[in-house]
Participant: 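Structure incoming, see below.
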Number of protein chains: 2
Amino acid sequence: METLSENNCFGGVQGVYRHASVSTGCDMTFGLFLPAQARRHPVPLLWYLSGLTCTHENAMTKAHAQAHAAAHGLALVFPDTSPRGDGVADDQAYDLGQGAGFYVNASQSPWAAHFRMWDYISDDLPRVLTANFALDEGRQAITGHSMGGHGALTLAMRLPGRFASVSAFAPIANPSESDWGRKQFSAYLGDDPAQWAAHDSTCLMQQNGFAGEVLIDQGSKDQFLDLLRPEALAHAMAARRQPGVFRMQPGYDHSYFFVSTFIADHIAFHARALAQ
Amino acid sequence: METLSENNCFGGVQGVYRHASVSTGCDMTFGLFLPAQARRHPVPLLWYLSGLTCTHENAMTKAHAQAHAAAHGLALVFPDTSPRGDGVADDQAYDLGQGAGFYVNASQSPWAAHFRMWDYISDDLPRVLTANFALDEGRQAITGHSMGGHGALTLAMRLPGRFASVSAFAPIANPSESDWGRKQFSAYLGDDPAQWAAHDSTCLMQQNGFAGEVLIDQGSKDQFLDLLRPEALAHAMAARRQPGVFRMQPGYDHSYFFVSTFIADHIAFHARALAQ
């Protein structure tokens with residue numbers, strides 16, 4: 001693992017690191033914020049999964065998360081959203097290929113060679129993190145924005161016991177029924193919709209739910225509401241009696257101005273769950 | 001004036017606007033955060049001047065300032081750092097020309113035609129702001145980072161009564177004696193150093209000081225310490241008995257991770273001064 005940069009930040013360190021990933025078969029870059037508490041003992045870890053077109057860097061600079069993570073003594077990891085590099089398949093569209101991994105393991109050509117983001121986030125990167133940093137792997141929580149909200153919710157529901165809590169900002173909530181989903185799942189997973197349900201938060205909420213609490217924030221003026229389908233997830237949460245909160249925030253859109261406005265609430269929510 | 005974007009943010013609105021500037025003779029873009037309070041009455045205004053290579057956008061996304069401005073009911077304006085456009089002179093170096101206006105009125109060719117950032121910030125943009133937004137022009141304060149810290153300090157000291165308080169993050173504190181200053185002042189103002197003192201915070205502190213309080217934050221691991229010369233300003237402040245605080249923050253560098261860490265303190269400092 002190589003250190004690309006380390007900056008002091010809110011009493012801790014915001015680092016950027018690169019490592020060779022066995023899952024994706026290429027070098028991967030991630031950001032990690034370690035609060036001051038990590039100098040003395042392992043700290044809980046909050047995952048932040050990012051959306052379409054993002055790298056590790058967007059949330060690290062724009063989500064305004066570090067202040068609150070520092071206050072609660074949490075580490076934050078900001079993974080990249082796909083494999084990258086000259087040898088990695090790509091597509092001209094912004095919503096397929098590099099920057100658009102959708103947190104799945106691709107089974108279809110040309111994607112299967114590198115696009116294994118499910119394994120990367122669930123298995124490969126956790127190993128790198130716990131081997132190199134003062135992190136308490138028994139205390140983890142997960143959040144994300146848009147495509148990253150989809151990733152956070154699907155990982156949390158399919159890895160019971162891994163995450164104490166899950167939250168999402170404007171998640172792609174029902175990708176099997178959306179143009180942000182059908183196109184990508186067809187490309188990565190093939191044309192059989194039965195393969196897609198395991199990566200659809202609404203389906204997983206209907207079938208499994210989540211053992212902890214769930215917090216969802218959605219802007220009422222989000223320019224992508226038709227693609228996100230928050231109503232499907234809200235229905236599934238309520239139908240399942242899922243413990244948690246779904247908030248429709250009046251006037252907010254899909255941007256990081258929305259995320260940064262409510263990140264303090266999300267981090268406090270996860271800190272409470274991780275303290276139990 | 002044209003609205004380029006408006007995003008809900010911490011209960012207020014983060015907007016980006018463009019207008020034709022009489023000072024610079026070209027279109028200028030700025031960011032403005034208006035807190036919720038501005039819907040009911042004019043609010044105080046905190047100026048944030050940015051550093052070399054920045055546009056209006058860097059601090060708007062990376063400084064994490066809006067949360068604290070919202071809490072204190074302050075507006076924030078994020079001006080650009082120079083005139084821009086095809087017809088505007090430029091230089092291949094990052095520290096001269098577009099993105100490097102140094103908040104002066106250039107008198108030398110080819111810069112004199114458009115590089116009038118002093119007039120833009122002190123006269124032109126204030127007029128646009130008060131004409132279009134619910135701002136209390138009797139209550140203003142100013143801050144900035146690096147070249148913007150230089151701008152904030154020089155404007156505050158040379159416009160007595162305009163700003164209730166001034167602060168700076170890692171300001172270019174003594175440009176007449178630095179390679180971040182001599183080169184640009186020679187190009188913009190000519191080779192006579194007597195013309196430079198009016199744009200040197202250390203000289204102005206020695207001669208004038210500031211009628212309110214001053215807050216300076218500087219990182220001890222700033223990679224540009226030799227260029228910034230904080231010791232010159234610290235000496236001038238102490239020698240003058242200038243009310244205020246100069247803080248050397250251990251381990252912090254020149255990045256926005258440094259700025260965002262301490263922005264809450266700066267905004268609280270200005271809010272106190274503006275409440276008097």
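Below, read A as the first sequence line, B as the second, and so on, with proteins coming before strands; counting in each chain starts at 1.
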Participant: Are V13(B) and F257(A) side-chain neighbours, meaning at least one heavy-atom pair lies under 4.5 Å?
Facilitator: no
Participant: Can you confirm whether more than 12 heavy atoms, excluding those of H235(B), are under 6.0 Å from its NE2 atom?
Facilitator: no
Participant: Between F10(A) and S260(B), is any pair of side-chain heavy atoms under 4.5 Å apart?
Facilitator: yes
Participant: Quick check on N7(B) against chain A: is it the side chain, the backbone, both or neither that has a heavy atom closer than 4.5 Å?
Facilitator: both
Participant: Measure Y256(A) against the heavy atoms of chain B and call it side chain, backbone, both or neither at under 4.5 Å.
Facilitator: neither
Participant: Of the backbone (N, CA, C, O) and the side chain (C-beta and beyond), which part of Q223(A) lies under 4.5 Å from a heavy atom of chain B, both, or neither?
Facilitator: neither
Participant: Just by distance, do the side chain of H64(A) and the backbone of K62(B) share a donor-acceptor pair under 3.5 Å?
Facilitator: no
Participant: Which distance, rounded to the nearest 0.5 Å, do you find between the CD of Q249(A) and the CG of N8(B)?
Facilitator: 10.0 Å
